[in-house]
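Please read the structure below before turning to the comments.
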Amino acid sequence: GAGVSQSPSNKVTEKGKDVELRCDPISGHTALYWYRQSLGQGLEFLIYFQGNSAPDKSGLPSDRFSAERTGGSVSTLTIQRTQQEDSAVYLCASSLVSLLAGGYNEQFFGPGTRLTVL
Amino acid sequence: AQSVTQLDSHVSVSEGTPVLLRCNYSSSYSPSLFWYVQHPNKGLQLLLKYTSAATLVKGINGFEAEFKKSETSFHLTKPSAHMSDAAEYFCVVSANQAGTALIFGKGTTLSVSS
């Protein structure tokens with residue numbers, strides 16, 4: 001079946017502009033995650049959505065970053081007033097969520113969106 | 001707090017020789033640990049996971065990792081490297097007991113020469 005898809009695959013923008021990145025999770029996956037992969041920094045967790053619960057926003061680096069997930073499926077990550085340090089690959093992942101204590105469900109990653117802020 | 005440290009940023013091996021990618025972790029509770037692989041221009045893929053069952057975990061493509069609590073290590077090994085193993089490898093710890101947030105190491109780039 002289809003995996004996690006992300007669009008666009010590449011985005012070049014000018015400093016100060018707003019950008020929207022889209023993620024389509026695997027159908028039926030209730031959990032959705034956003035990560036950022038910066039050169040030399042590894043991956044960092046940004047935000048997590050699970051069903052209708054309030055999202056875990058603990059990883060968002062500033063209030064310029066926000067995300068929403070409409071209808072429990074597609075998610076959009078928005079970066080306002082982009083800065084050059086926002087340049088990175090933004091990765092989305094989705095998973096089922098185990099109902100068993102101590103259980104774990106694999107996160108499936110999309111191919112990412114490469115954002116370049118000039 | 002949870003953290004992982006990948007001890008080598010780059011490892012080079014010859015085809016057919018063993019692979020060892022080192023990872024140490026820090027955790028305030030019994031951790032869930034993973035190794036992910038990222039091939040060039042491809043998405044991240046789970047290689048294997050440890051979630052408090054057997055300490056020796058077998059993954060895809062002949063990789064395995066051993067959880068050693070006394071050494072706080074979770075090193076990734078493979079007996080014989082193949083050219084297709086060339087990729088970036090990430091050691092990952094779950095940031096919480098529910099496994100809903102992952103903390104990635106900085107990655108180890110594995111190069112395989114013929």
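The chains referred to below are lettered A, B, ... by the order of the sequence lines, with proteins before strands, and numbering in each begins at 1.
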- Beyond-backbone contact of B/Lys78 with B/Glu64, side-chain heavy atoms, under 4.5 angstrom: no
- Side chain, backbone, both or neither: which part of B/Gln38 has an atom under 4.5 Å from a heavy atom of chain A? side chain
- Would B/Ser28 and B/Gln2 count as having a side-chain donor-acceptor pair, cut-off 3.5 Å? yes
- Heavy atoms, side chains only, cut-off 4.5 Å: are A/Ser73 and A/Pro25 in contact? yes
- Query: Is chain B contacted by the side chain of A/Leu91, its backbone, both, or neither, given a heavy-atom distance below 4.5 Å?
  - Reply: side chain
- Would A/Tyr35 and A/Phe109 count as a ring pair (Phe, Tyr, Trp, His ring centres under 6.0 Å) if you check the C-alpha gap in whole Å, the side-chain angles of each, and the deciding distance to 0.1 Å? CA-CA 10 Å; A/Tyr35 296 86; A/Phe109 284 80; 5.5 Å; yes
- Message: Does any backbone or side-chain atom of A/Glu44 lie under 4.5 Å from a heavy atom of chain B? Answer side chain, backbone, both or neither.
- Response: neither
